Amino acid sequence: MAETERARETPHELALLAGGPRAAVVVAVVALHLRGAVEPGARNTVVAVDNDAGRALPPLPTQDDDADVPAELRVPYLESAVYRRLHGPCHVRELLRDPDVRWAVATLRTGLAETGMVSPPALGATRAARRRLQVLRTTYPVPASRDGLSDEEKLLAVALHGQAALRVAVPRFALRTGLTPRPPPPQTLPAPLYPDLRRLRGYTGPTTAAASSAGAEAGAVAEAAGLRRRGRLSQDRTRCPGGCTG
């Protein structure tokens, strides 16, 4: 992905176009994780970490509908709102219930409307935006490995490809925070429909292999006994050539 700079939009904006508000929030969470500002919590939650990256985020302004948010602050405001909410463990799906997060997502959507990428009244992606996403997905397919990827390239992959890219870019973080589902447990073979009839009838004898071994052993014993009997008869004839009488 050497040409990441050709994506004019930020990964957060592309995620909003591709997958809606939740996808944009997921990119913000991953961006914070890549800077060490959040980490997995208990039971598929995410929690903030007190570090320089988190403290460097801008404070959120007073939410005034008439105030214009500078374009360069829309993404930092979204990450700041997400980071503030994550000071307590939280599921990613719950982040969109936070008023500050919803406001930050709205400012991001407003910026896309200004460039013609979303249209009123529902502010859905325009045809031009969908074509743009298709071109970018073709140009930047799901990476085969995270080796050599920059943080910006990882975010772009997650924005364009969602879970498929999460499994490559941040597999352990995504799994531990519930961003990707856990694989199902291995299935055990079902019990046979018709159990062994010998067991149903109370038969507890040897198996086929054991029976063969036992039969061979019994044959050898019988053969040895026959040899001993023939040996005794031969000795008796030697002692009594004409026959012995009582």
Side-chain angles (χ1 to χ4, degrees), residues 1-49 51-54 56-57 74-76 78-83 85-86 89-96 101 104-105 108 112 117 125 129-187:
M1 264 192 219
E3 299 178 349
T4 306
E5 66 275 8
R6 290 190 179 180
R8 299 185 300 269
E9 303 80 9
T10 66
H12 308 65
E13 292 171 328
L14 291 172
L16 184 57
L17 290 173
R22 186 184 185 278
V25 168
V26 167
V27 169
V29 169
V30 174
L32 292 170
H33 163 67
L34 292 175
R35 303 201 298 270
V38 300
E39 64 183 7
R43 298 183 179 181
N44 292 341
T45 60
V46 189
V47 64
V49 175
N51 69 353
D52 292 340
L57 292 168
R74 288 170 184 152
V75 167
L78 174 58
E79 293 181 354
S80 183
V82 169
Y83 180 75
R85 175 62 184 85
L86 291 176
C90 177
H91 291 275
V92 171
R93 64 176 178 270
E94 296 174 355
L95 288 171
L96 283 171
V101 174
V105 170
L108 209 61
L112 291 172
M117 302 299 280
R130 292 192 292 272
R131 284 198 301 266
R132 175 77 174 146
L133 289 172
Q134 183 177 1
V135 169
L136 289 173
R137 283 170 176 152
T138 302
T139 306
Y140 306 114
V142 178
S145 170
R146 60 180 171 174
D147 295 339
L149 292 179
S150 67
D151 288 354
E152 189 69 14
E153 289 169 340
K154 291 176 182 178
L155 293 178
L156 180 58
V158 171
L160 294 175
H161 302 287
Q163 287 189 359
L166 285 169
R167 294 189 181 98
V168 177
V170 286
R172 295 181 63 185
F173 176 78
L175 188 64
R176 292 179 62 190
T177 56
L179 295 178
T180 54
R182 293 185 178 275
Q187 296 183 352

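For clarity, every value in this text was computed on a predicted model and none was experimentally measured. The figures that follow rest on heavy atoms only: side chains count, while hydrogens, waters and symmetry mates do not.
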Enter the distance from [X]:[atom1] to [Y]:[atom2] here, rounded to the nearest 0.5 Å.
{"X": "L155", "Y": "E152", "atom1": "CG", "atom2": "CD", "value": "6.0 Å"}
{"X": "Y140", "Y": "L160", "atom1": "OH", "atom2": "CG", "value": "9.0 Å"}
{"X": "H91", "Y": "L96", "atom1": "NE2", "atom2": "CG", "value": "14.5 Å"}
{"X": "L112", "Y": "T10", "atom1": "CG", "atom2": "OG1", "value": "7.5 Å"}
{"X": "L16", "Y": "L108", "atom1": "CG", "atom2": "CG", "value": "5.5 Å"}

Partner of F173 under side-chain contact (heavy atoms from CB on, under 4.5 Å), chosen from V38, T180, L166: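 Among V38, T180, L166, the one meeting side-chain contact (heavy atoms from CB on, under 4.5 Å) with F173 is V38.
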Any donor-acceptor N/O pair, S80 side chain to P76 backbone, under 3.5 Å: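 Such a contact is absent between S80 side chain and P76 backbone.
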If every non-hydrogen atom of [X] is compared with every non-hydrogen atom of [Y], which pair is closest and at what distance?
{"X": "G36", "Y": "V49", "result": "O-CB, 3.6 Å"}
{"X": "T45", "Y": "T177", "result": "O-CG2, 3.6 Å"}
{"X": "V101", "Y": "L78", "result": "O-CD1, 4.3 Å"}
{"X": "V158", "Y": "A169", "result": "CG2-CB, 4.4 Å"}
{"X": "A129", "Y": "M117", "result": "CB-O, 3.2 Å"}
{"X": "N51", "Y": "Y83", "result": "N-OH, 4.2 Å"}

side-chain contact (heavy atoms from CB on, under 4.5 Å) between L133 and R137, intermediate numbers included: CA-CA 6 Å; L133 289 172; R137 283 170 176 152; 4.2 Å; yes
Indicate yes or no: at least one non-hydrogen side-chain atom of [X] is less than 4.5 angstrom from one of [Y].
{"X": "P171", "Y": "R146", "result": "yes"}
{"X": "R172", "Y": "P40", "result": "no"}
{"X": "V46", "Y": "L179", "result": "no"}

Sequence-distant partners of H161, ring-ring contact (aromatic ring centres under 6.0 Å, His included), two or more places apart: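 Here no residue qualifies.
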Inter- and intrachain pairs under salt bridge (Lys or Arg N to Asp or Glu O under 4.0 Å), touching residues 12-39, at least two apart: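 Output for this query lists R35-E79.
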L95 and L86: CA distance, side-chain angles, deciding distance, side-chain contact (heavy atoms from CB on, under 4.5 Å) verdict: CA-CA 8 Å; L95 288 171; L86 291 176; 3.8 Å; yes
Verdict with reasoning, N44 to R182, per side-chain contact (heavy atoms from CB on, under 4.5 Å): CA-CA 11 Å; N44 292 341; R182 293 185 178 275; 4.2 Å; yes
Atom CD of E94: over 12 foreign heavy atoms under 6.0 Å: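 Buried by this count: over 12 neighbours within 6.0 Å.
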